[in-house]
Amino acid sequence: MGIINKCLFPVAGYGTRFLPVTKAIPKEMLPILTKPLIQYAVEEAISAGICSMTMVTNKHKKAIENHFKPHADIEKSIKNTTKEVLLDEVNAISEQCDFSYVEQQEMLGLGHAIYTSKPLIGVDAFAVILPDDLCTSDSDSVLLQMIKLYKQNPDCCIVAIKEVPESEVDKYGVIEGELLKDSNNAYRVHNMVEKPAPIEAPSNLAIIGRYILTHEIFEVLKSTQPDKNGEIQITDALMTLAKVGKVIAYQFQGRRFDCGSVKGFIEANSVFAKEQLQSL
Ligand code: G1P
């Protein structure tokens with residue numbers, strides 16, 4: 001108990017905010033410098049000790065699968081050149097991790113995407129990373145920070161949170177809770193609402209795309225009703241568990257870029273580019 005071996009990446013969305021580029025390229029393959037978002041996400045899972053990656057995908061997103069497979073022709077063409085090292089990181093990932101894929105047949109929300117992965121997840125708790133939310137940290141990765149908290153609370157689901165301006169709460173799941181004893185960054189969640197109007201939001205503590213979910217979530221998702229847009233929300237399923245004290249919200253150390261928006265994506269590229277230029 002307390003060990004997290006699997007990470008789930010819900011990557012079936014169409015990324016319509018980024019059209020036209022996402023017509024033929026999955027949004028998770030958009031690069032921050034020369035590395036696609038999905039690779040940053042997988043590297044974060046690895047940094048938290050996870051080697052088993054499960055993607056909830058759709059039939060237009062084979063590029064993600066291909067990215068984590070060896071490419072014999074390219075490898076042959078750059079062998080014994082200075083470019084050989086450029087594939088080292090991703091090749092190391094393919095060697096040390098296993099990948100499994102399941103198709104989400106209908107776009108019925110994040111809760112539905114997570115439920116779709118049930119046959120591949122097994123019986124243990126698991127991590128979820130939304131690759132749109134690119135997180136960086138000077139010390140432990142955000143997922144590793146969350147796993148450390150989960151180990152002390154193995155009956156609970158953990159969600160990552162961050163303060164956002166009040167005017168932006170309607171883009172997020174928002175929580176209300178009380179600080180855990182002896183903690184200044186972990187809350188026992190009492191209430192959570194998906195994308196509330198600012199006037200109805202219980203706080204400005206927004207859920208960011210990192211979760212540790214206990215296996216119990218599948219039972220709850222099965223009976224979670226769709227929202228007014230016909231989507232099954234993970235926030236609503238988690239609320240059922242919050243009612244019995246089984247959800248903790250964790251205000252993580254680190255920086256988050258909202259790469260699901262064009263603005264956040266440009267910002268991430270600009271911050272990473274500045275750092276790269278300084279090191280050249
Ligand atoms: C999803 C979740 C939301 C969360 C957000 C984080 O929303 O439903 O609760 O705050 O991710 O990025 P989405 O951005 O997929 O609409």
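Both ligands and their constituent atoms are indexed starting at 1 by order of listing. Quick note: numbers below take in every heavy atom, side chains included, and nothing from hydrogens, waters or symmetry partners.
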Output the list of atoms in ligand 1 that are nearer than 4.0 Å to some heavy atom of T235, sorted by atom number.
-> 9 (O)
Within 4.0 Å of atom 14 (O) of ligand 1 (strictly less), any protein heavy atom?
-> no
Which ligand 1 atoms, with their elements, are less than 4.0 angstrom from a heavy-atom of D133?
-> 6 (C), 12 (O)
Would K222 count as a cation-pi partner of Y115, with NZ or CZ less than 6.0 Å from the six-membered ring centre and within 45° of the ring normal?
-> no
Logged contact type for I207 with ligand 1, heavy-atom cut-off 4.0 Å, is both
Search all heavy atoms of M53 against all heavy atoms of I46 and return the closest pair with its distance.
-> CE-CG1, 3.6 Å
Are any of the N or O atoms of G173 closer than 3.5 Å to those of ligand 1?
-> yes
Of all the atoms in ligand 1, which lie at a distance below 4.0 Å from a heavy atom belonging to L130?
-> 11 (O)
Just by distance, do the side chain of E44 and the backbone of L143 share a donor-acceptor pair under 3.5 Å?
-> yes
Checking D227 side chain against I232 main chain: does a donor-acceptor pair fall under 3.5 Å?
-> no
Heavy-atom protein contact below 4.0 Å for atom 7 (O) of ligand 1 = yes
Pick, from K171, K162, E194, the option with the minimum heavy-atom distance to atom 9 (O) of ligand 1.
-> E194
When you measure from atom 16 (O) of ligand 1 to each heavy atom in K195, Q233, M192, which option holds the nearest one?
-> K195
Does E176 offer a backbone N or O that forms a donor-acceptor pair with the side chain of S203 under 3.5 Å?
-> no
Side-chain donor or acceptor of N58 paired with backbone N/O of H60 under 3.5 Å | yes
In plain terms, say whether R210 and D133 are close enough for a salt bridge, that is, a side-chain N and a carboxylate O under 4.0 Å apart.
-> no
Examine the proximity of ligand 1 to I234 and report which part, side chain or backbone, both or neither, has a heavy atom under 4.0 Å away.
-> neither
